[in-house]
Amino acid sequence: MEDSLSPQKITDGLNTSLIGRRVICYPSLPSTQQTARKEAAQGALEGTVIIADEQTAGHGRLGRAWLSPEGSVSLSVVLYPDIAGLPYLIMIASLAVARSIEAVTGLDALLKWPNDVLVNGRKVAGILIESSMGGKAVDYAVMGIGININVDMSLFPEVAATATSLSAELHSSVSRLGVVRRLLLELDDLYKAPRQAIYGEWRSRLTTLGRQVCVVSGGDVQYGRAESVTADGSLMLRLDDGSLTMILAGDVSLRDAADENAAR
Ligand code: BT5
């Protein structure tokens, strides 16, 4: 029997200072991002969390679809960071997801730059940071997190080869409530942590560094070695001609160069 989520069950005894001060649960939404953005535009309390049991129009970057069937968790958090804090949101979200997966399931979670969380080499969670700017200040940011928990991703041909879920990796069902509660705790902890520490932990968990990768941006493909990441979250790619180029997270896909060559 699928464990149900409610604001009361999620927040009961949860000692967070900011994240989850208000939690709103929906059985189904087009996208929690959309609802959270609306809340933020109306000045919602910082740390407000919008959660849906399923999304009918979940999305990733560049308008890509994000599958969020029943058994997954989709949530968005309303935040009002300063502008210097924006690049850290992707790091905070990724680390919080990885730490929560490890704490609740014991599975190892690795990060693939810029925004994937992997278990045994497959994508188990995705993160989307959206923000609204008013001149040089941040009006609001919305941190979206989708985690495949008790879902059979092999039923979805478009991602069957690359996606997994916690239940598939663990061979048993996982408490969605447990994952959500732990996630809010980790987010609360990381949102207050020194930025240098966040950057250091994020970098150390990136499975991407040192690998030959292929960066796809629009129709453009670049091959190189993922050398490092900067504190603003950009990837430094050493191209085959020896030059170093900086790649911003927003508009690229990253693939293993070996897989890409095999597919050609
Ligand atoms: C992401 O985008 O990975 C960000 C996903 C963010 C989803 C959350 S859920 C809560 C909030 N509400 C939303 O509407 N969105 C956020 P991107 O890097 O663009 O990756 C998208 C790609 O991941 C797709 O093109 C598929 O290949 C793959 N994909 C789609 N659904 C998946 C799933 N459930 N599990 C694993 N891979 C998936």
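Note that ligands are numbered from 1 as they come in the structure, with each ligand's atoms numbered from 1 the same way.
Taking every heavy atom of Ala65 and a limit of under 4.0 angstrom, the matching atoms of ligand 1 come to 24 (C), 30 (C). Close approach of ligand 1 to Gly58 (heavy-atom distance below 4.0 Å) involves ligand atoms 14 (O). Close contacts of ligand 1 with Ser76, meaning ligand atoms under 4.0 Å from a residue heavy atom, involve 11 (C). Taking every non-hydrogen atom of Gly146 and a distance limit under 4.0 Å, the qualifying atoms of ligand 1 come out as 8 (C), 9 (S).
For ligand 1, the polar-atom distance check finds no N/O of Ile145 at less than 3.5 Å from any of the ligand's N/O atoms. Of the polar atoms of Thr32, at least one N or O is found under 3.5 Å from an N or O of ligand 1, judged by distance alone. At least one N or O atom of Arg64, backbone or side chain, sits closer than 3.5 Å to an N or O atom of ligand 1. Taking any N or O of Asn148, backbone or side chain, at least one lies under 3.5 Å from an N or O belonging to ligand 1. Considering backbone and side-chain N/O of Ser31, one or more are found under 3.5 Å from N/O of ligand 1.
At a heavy-atom cutoff of 4.0 Å, ligand 1 is contacted by the backbone of Leu75 but not by its side chain.
Contact analysis puts Met153 in contact with ligand 1, with a non-hydrogen atom separation below 4.0 angstrom. Remark: distances from the non-hydrogen atoms of Ser68 to ligand 1 are all 4.0 Å or more.
Counting only distance, with no hydrogens or angles, the side chain of Glu102 and the backbone of Ala109 share a donor-acceptor pair below 3.5 Å.
Seen from the ring of Tyr199, Arg203 counts as a face-on cation partner, given the 6.0 Å and 45° thresholds.
Between Asp241 and Arg225, none of the side-chain N atoms (NZ, or NE/NH1/NH2) sits under 4.0 Å from a carboxylate O, so this pair counts as no salt bridge.
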